[in-house]
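Everything on this sheet refers to the single structure shown next.
Throughout, protein chains are lettered first and strands after them, A, B, ... in sequence-line order, and every chain is numbered starting at 1. Computed from a predicted structure; not experimentally measured.
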There are 2 protein chains.
Amino acid sequence: MSKQELEIVKPDGCCGTVSPAPLDAEQAVELATVFKALGDPVRLRLLSMIASREGGEVCVCELTPAFDLAQPTISHHLKLLRQAGLVDCERRGTWVYYWALPATLDRLAGFLRTSVNA
Amino acid sequence: MSKQELEIVKPDGCCGTVSPAPLDAEQAVELATVFKALGDPVRLRLLSMIASREGGEVCVCELTPAFDLAQPTISHHLKLLRQAGLVDCERRGTWVYYWALPATLDRLAGFLRTSVNA
DNA sequence: TCGTTGTATCGATGTTGGTCGATGCAACCT
DNA sequence: AGGTTGCATCGACCAACATCGATACAACGA
């Protein structure tokens, strides 16, 4: 995706030298997928409702009526959160329960931390 | 945006009671705007290049040739990062310099932290 | 077994977003 | 002043996405 990874061509002598890109293209694609999953208000609230729950589990039957959206729409957003590795789910009898996966959240926090401390 | 904020109607007696939504709709919209800005590999790398820089400033003339994209495209991504409050810029003579705004990154990290610790 | 309920998937649709060429503007140089 | 370079904005195009109704599937109850 990048044109020149090692040999950076500067216009002339405008600024200092370039340190190697701190985030390669591959890592950026993976991270962006997760951030994109958080880039929607509905999904943010869904994740917040799931993660902030005592016991760590929430039934879909509680999540769906909390929004002014159709049921397939909520199901779609939950699927995106799942594909991003932010939550997982399990069917137990009639209902499906969702819980958060802290490892993925930690990964995002790690990126933000290194960016802040730079 | 939400149908019922206080009175949650549950199907019957499937699960426990609902704690108040930990992230209201308004906060979710604001946070999602910032996360959305990070939901693109190019912007993620741009921010990383800017934030991880000694001195904290990077000239646009260094950022543009680091990608296989047209100059207006990079300018567009930088604009989105600006509008999200993640970076700011200043023109000094011929060149424009960008730097990161840690406060916004901290805000995101705060959300992730509360979600992890729930 | 049949109807009912909870959830996911499918297909369609309107909107948003990434990308680019063309253009405009600002600052420098001669 | 005129030409050049760095960067932003504009307008257009195509892909991706959010949303919904219809439908399918799974589990339960009668």
Side-chain angles (χ1 to χ4, degrees), chain A residues 1-3 8-15 25 28-29 32-46 50 57-84 87-98, chain B residues 1-3 8-15 25 28-29 32-46 50 57-84 87-98:
Chain A
M1 181 182 276
S2 65
K3 188 188 298 176
I8 302 290
V9 179
K10 299 185 300 171
D12 255 1
C14 73
C15 5
V29 170
T33 302
V34 187
F35 277 122
K36 192 179 304 181
L38 296 180
D40 181 279
V42 176
R43 287 195 292 272
L44 264 187
R45 292 180 65 197
L46 283 171
I50 295 170
E57 285 187 346
V58 186
C59 176
V60 175
C61 63
E62 283 185 73
L63 299 173
T64 302
F67 297 87
D68 230 354
L69 296 169
Q71 175 266 326
T73 303
I74 301 298
S75 190
H76 167 68
H77 285 306
L78 288 173
K79 181 179 187 177
L80 291 187
L81 289 175
R82 249 183 293 138
Q83 292 175 336
V87 301
D88 201 357
C89 68
E90 183 190 15
R91 166 168 230 126
R92 283 203 293 277
T94 302
W95 293 295
V96 176
Y97 295 87
Y98 277 75
Chain B
M1 180 184 278
S2 65
K3 188 187 298 175
I8 300 288
V9 178
K10 300 183 301 169
D12 253 1
C14 76
C15 2
V29 170
T33 302
V34 188
F35 277 121
K36 194 179 301 182
L38 297 180
D40 181 278
V42 175
R43 288 195 293 272
L44 222 42
R45 293 180 65 194
L46 283 171
I50 294 170
E57 285 186 347
V58 185
C59 177
V60 174
C61 64
E62 283 186 74
L63 299 174
T64 302
F67 297 86
D68 230 352
L69 296 170
Q71 177 265 327
T73 302
I74 300 297
S75 191
H76 169 67
H77 285 306
L78 289 172
K79 182 179 187 177
L80 291 186
L81 288 175
R82 250 184 292 138
Q83 292 176 335
V87 302
D88 201 358
C89 67
E90 182 189 18
R91 162 166 233 128
R92 283 204 293 276
T94 303
W95 293 294
V96 177
Y97 296 86
Y98 276 74

(request) Could you list the residues that satisfy side chain to side chain donor-acceptor pair (under 3.5 Å) with B/Arg91, not counting sequence neighbours? (result) none
(request) Grab the CZ-P distance between A/Phe35 and D/dC17 for me, whole Å please. (result) 17 Å
(request) For A/Tyr98 and C/dG6, give me the distance from atom OH to atom C1', rounded to whole Å. (result) 12 Å
(request) Look only at the side chain of B/Thr73 and the backbone of B/Leu69, and say whether a donor-acceptor pair between them is shorter than 3.5 Å. (result) no
(request) Find which nucleotide of DNA chain D each of B/Thr73 and A/Lys36 is nearest to by heavy atoms, and output the residue with the more 5' nucleotide. (result) B/Thr73
(message) For a 4.5 angstrom cut-off between non-hydrogen side-chain atoms, does A/Leu78 reach A/Leu46?
(response) yes
(message) If I take atom CG in residue B/Asp68 and atom P in nucleotide C/dG18, what distance separates them, rounded to the nearest angstrom?
(response) 18 Å
(request) Please check if the side chain of A/Arg43 supplies one atom and the backbone of A/Ala37 the other of a donor-acceptor pair under 3.5 Å. (result) yes
(message) Determine whether a donor-acceptor pair (N or O, by modelled atom type, separation under 3.5 Å) exists between the side chain of B/Thr64 and the backbone of B/Val60.
(response) yes
(request) Please tell me which of the listed nucleotides, C/dG18, D/dT19, C/dT7, lies nearest to the side chain of A/Leu69? (result) D/dT19
(request) Could you pull out all residues at least two apart from A/Val34 that satisfy side-chain contact (heavy atoms from CB on, under 4.5 Å)? (result) A/Leu86, A/Thr104, A/Leu108
(request) State, with a plain yes or no, whether a side-chain heavy atom of B/Phe67 is found less than 4.5 Å away from one of B/Arg45. (result) yes
(request) Please report, rounded to the nearest Å, how far the C1' atom of D/dT19 is from the CZ atom of A/Phe67. (result) 14 Å
(request) Output the residues of residues 74-83 of chain A in contact with DNA chain D, where contact means a heavy atom of the residue under 4.0 Å from an atom of the strand; sort by number or write none. (result) A/His76, A/His77, A/Leu80
(message) Counting only side-chain heavy atoms from C-beta out, which of D/dC7, D/dT19, C/dA8 sits nearest to B/Val60?
(response) D/dC7
(request) Any chance you could list the contact pattern along nucleotides 21-30 of chain D? Use B for base contacts, S for sugar-phosphate-only contacts and - for none, protein heavy atoms under 4.0 Å, 5' to 3'. (result) BB----SS--
(message) My understanding is that only residues two or more places apart in sequence, or in another chain, count here; which of them pass side chain to side chain donor-acceptor pair (under 3.5 Å) with A/Glu57?
(response) A/Arg92
(request) Measure from CG on A/Asp40 to P on D/dA16 and round the result to the nearest Å. (result) 18 Å
(request) With sequence neighbours left out, write down each residue that passes side-chain contact (heavy atoms from CB on, under 4.5 Å) with A/His76, or none if nothing qualifies. (result) A/Leu80
(request) Please report, rounded to the nearest Å, how far the C1' atom of C/dG6 is from the CD atom of A/Glu62. (result) 14 Å
(request) Could you check how far OH of B/Tyr97 sits from P of C/dA26, rounded to whole Å? (result) 19 Å
(message) Please report the distance, rounded to the nearest Å, between CG in A/Leu44 and C1' in D/dA18.
(response) 15 Å
